[in-house]
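Presented below is the structure to which this report refers.
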Amino acid sequence: MFLVYNATSTGAVHRAWTLASLRVLGADTDAVFRLLILEALVLGAVGTALGVGAGIVLGRLLLPMVTDSMAINFQLRFHTHEMHLNARQLLVAAAVGISTAVGASWFAARRASRAHPIAALGADLGTMLSHRPPRRLVWWWVVLVAFSAIALLLQARFKSVSWGSIGATLWNASVVVIAIPIAQGLARALSGSLRVLSPVPGRIAAESLFRSTVRTGTTTAAIALALSVAITMSSLPYSFRESVRSYVAKFLSADLIVSAVATEGGWLESPIPESVATEISRIPGVRTVDFGRVLTGQPFRERRIGVLAASDGWLDPARLPKGWYREGDPDAAATAIRAGEAVDVSTTLADHHGLHVGDRIELQTPTGNLSLPIAGVVPDYVSDHGTVILSRRIFVERWGDRSLSRITVFADSTVPLDELRRRITEHFHDRYRLKVLSVGEVVAYHDRMINRAFAFTDAIQLLIAIVTVCGIFDVLVSTILERRRELAVWRVIGADERVVRGSVVLAAGTIGALGVALGLAVGLVTALLWIKLNLRYLLGYDLEYHFPGRPMMLSVVLVALMTLAAGYVAARGATRQSILDGIRSE
């Protein structure tokens, strides 16, 4: 909508004389309005057709990455032989695209058609699209933020992803509303600052920016939204990686970790025989081993959850960091689980089903139902629907499964880890395909899996960046068209081309700075909402929020460079136009 709005505004300014001539020749306001809307309808239909075609091509390109992401997230192997199109969805997308084009053009078309012909033929074409934004936009912003908060509360109450999406969308929409009053409120202060920074270019830039605070505000909002999406999309994999790193480093703390090379379809390794752990414990240099078995797909209340069967060593509370237990006492829980008298549950499972310490949980096993009390609530990332952690002895007894998923090895201090790794590898040779990794290597392995799971988001960020650059360039070109006679006069009286170019780049930089400031405020809140609220109900994982310092700075630098690049290209266009054409243009 932002892009179409700016393009329509630019077209109306560029053809001000044509529109005014139609009015002088007898065309009424409604006829001019219908003409502009018809043009928007035709362009919207053409653009939508091109968009549907490009979307199908992009879908084919992204299909392998999305398939890989689904396999990692859902622990299954997906085989996609071809891409299937849904005609109904394509028609809905086309209708939305055309409606967006017409709706965004409606504002500029109404103002352009209602502008008085004399005003359009006068000395300042920019006035036909300029107006002071109503102060009630601030109240609309308050209303949107309030409804966003209500939607997020309803999400927590009903555990609904839909309410969370509505809340996040309303929060982002509020940025567009508040950006216009912000641009209006900062107009005087920024105008003074620009003139102090660079007297002549600063004055030209200030007058160009704040002649139409609506357009400046919407451009600022577009940049802010692009940066907000970039921060959110970079925060998701970053927080995911850091949460898993913390989990692996704390819960799987050991010298070496042994597992199968093959996986079950995602990041989880295939099970290996129990005898592997026994043989490893007898290798010289091994002090002790612990092990665990992960079972996915366990039925529980019409869902499929995970079961983590851990040896006594894995349950040792001394291995866990302070604050690991969200509920329950670590020592009491470990004692009860080792005795087969209780279980721990993950925070995800507790959130989904309202479970707390003391509640009983019932699981279906091959030998009948198993009912045990909950001793603790802890973080876990085995399953997106939640995990039950119990003693491996109970698991072997009730499920009849003696295989293992991972073996943690603690080395004797007298043996170097590389030497111990070599001994383990040579001991099994070709009997089992094992990988023997340090904790750091396991973390790196999971990092690669998470990067694969979120790989397709890079394409989305790139598309948003392209749209933002087009929008910034369009608004600068519109400003130049409005003031082409003024810029020509400046050059006639001796103004250096660098002054004119400097004013355009300065205007672009100011819009970019406003967009970055607003985008940081919005993006950090949006990322926090998605990571701590929406993802808990969308993907099922209770992630830790980690401030995305480096990814955020990269996004800020990218947006700033895009803004300045668009300003520079527009500035070169401003000085290349003929001075005589600029003077005669009105």
Side-chain heavy atoms of [X] within contact of [Y], under 4.5 Å:
X	Y	answer
Tyr545	Phe547	yes
Val102	Ile37	yes
Leu194	Leu209	yes
Thr348	Asp384	no
Arg88	Leu91	no
Leu197	Leu506	yes
Asn172	Ser228	yes
Leu152	Ile166	no

Would you compute the distance between atom [atom1] of [X] and atom [atom2] of [Y] and round it to the nearest 0.5 angstrom?
X	Y	atom1	atom2	value
Leu529	Leu524	CG	CG	11.0 Å
Ser193	Arg188	OG	CZ	13.0 Å
Ile511	Thr219	CD1	OG1	5.0 Å
Arg241	Leu236	CZ	CG	10.5 Å
Ser555	Met553	OG	CE	9.5 Å

side-chain contact (heavy atoms from CB on, under 4.5 Å) with Ile182: which residues, sequence neighbours excluded?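 For Ile182 the side-chain contact (heavy atoms from CB on, under 4.5 Å) partners, ignoring immediate neighbours, are Ile178, Leu186, Leu518.
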Please report the shortest heavy-atom distance between [X] and [Y], naming the atom on each side.
X	Y	result
Ala507	Ala205	N-CB, 3.9 Å
Thr169	Ser165	OG1-O, 2.7 Å
Ser503	Pro201	CB-O, 3.4 Å
Val32	Ala27	CG2-CB, 4.3 Å
Gly515	Ile223	CA-CG2, 3.9 Å
Leu564	Gly509	CD2-CA, 4.0 Å

Look at atom [atom1] of [X] and say whether more than 12 heavy atoms of other residues, nucleotides or ligands are closer to it than 6.0 Å.
X	atom1	result
Met83	CE	yes
Trp163	CH2	no
Phe33	CZ	yes

Apply side chain to side chain contact (heavy atoms under 4.5 Å, CB included) to the pair Leu520 and Met552, showing each step before the final yes or no. CA-CA 8 Å; Leu520 287 175; Met552 185 188 70; 3.7 Å; yes
Between [X] and [Y], is there a donor-acceptor pair closer than 3.5 Å when you use the side chain of the first and the backbone of the second?
X	Y	answer
Ser148	Gly167	yes
Lys532	Leu543	yes
His385	Arg304	yes
Ser243	Glu544	yes
Ser174	Trp171	yes

Can you check side chain to side chain contact (heavy atoms under 4.5 Å, CB included) on Val161 and Asn534, steps first, answer last? CA-CA 6 Å; Val161 176; Asn534 293 5; over 6 Å; no
Show me the side-chain donor-acceptor pairs of residues 38-64 shorter than 3.5 Å, one per line, residues at least two apart or across chains.
from, atom 1, to, atom 2, distance (Å)
Glu39, OE1, Arg15, NH2, 3.0
Glu39, OE2, Arg15, NH1, 3.0
Thr48, OG1, Gly44, O, 2.7

Stepwise side chain to side chain contact (heavy atoms under 4.5 Å, CB included) test for Ile450 and Phe454: CA-CA 6 Å; Ile450 293 171; Phe454 287 94; 3.8 Å; yes
Could you check Thr347, Ile531, Leu535 and say which one makes a side-chain contact (heavy atoms from CB on, under 4.5 Å) with Asp542?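 Passing option: Thr347.
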List the residues meeting ring-ring contact (aromatic ring centres under 6.0 Å, His included) with His546, not counting sequence neighbours, and say none if there are none.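 For His546 there are no ring-ring contact (aromatic ring centres under 6.0 Å, His included) partners, ignoring immediate neighbours.
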Show the numbers, then the answer: is there a side chain to side chain contact (heavy atoms under 4.5 Å, CB included) between Thr216 and Ile180? CA-CA 7 Å; Thr216 300; Ile180 298 173; over 6 Å; no
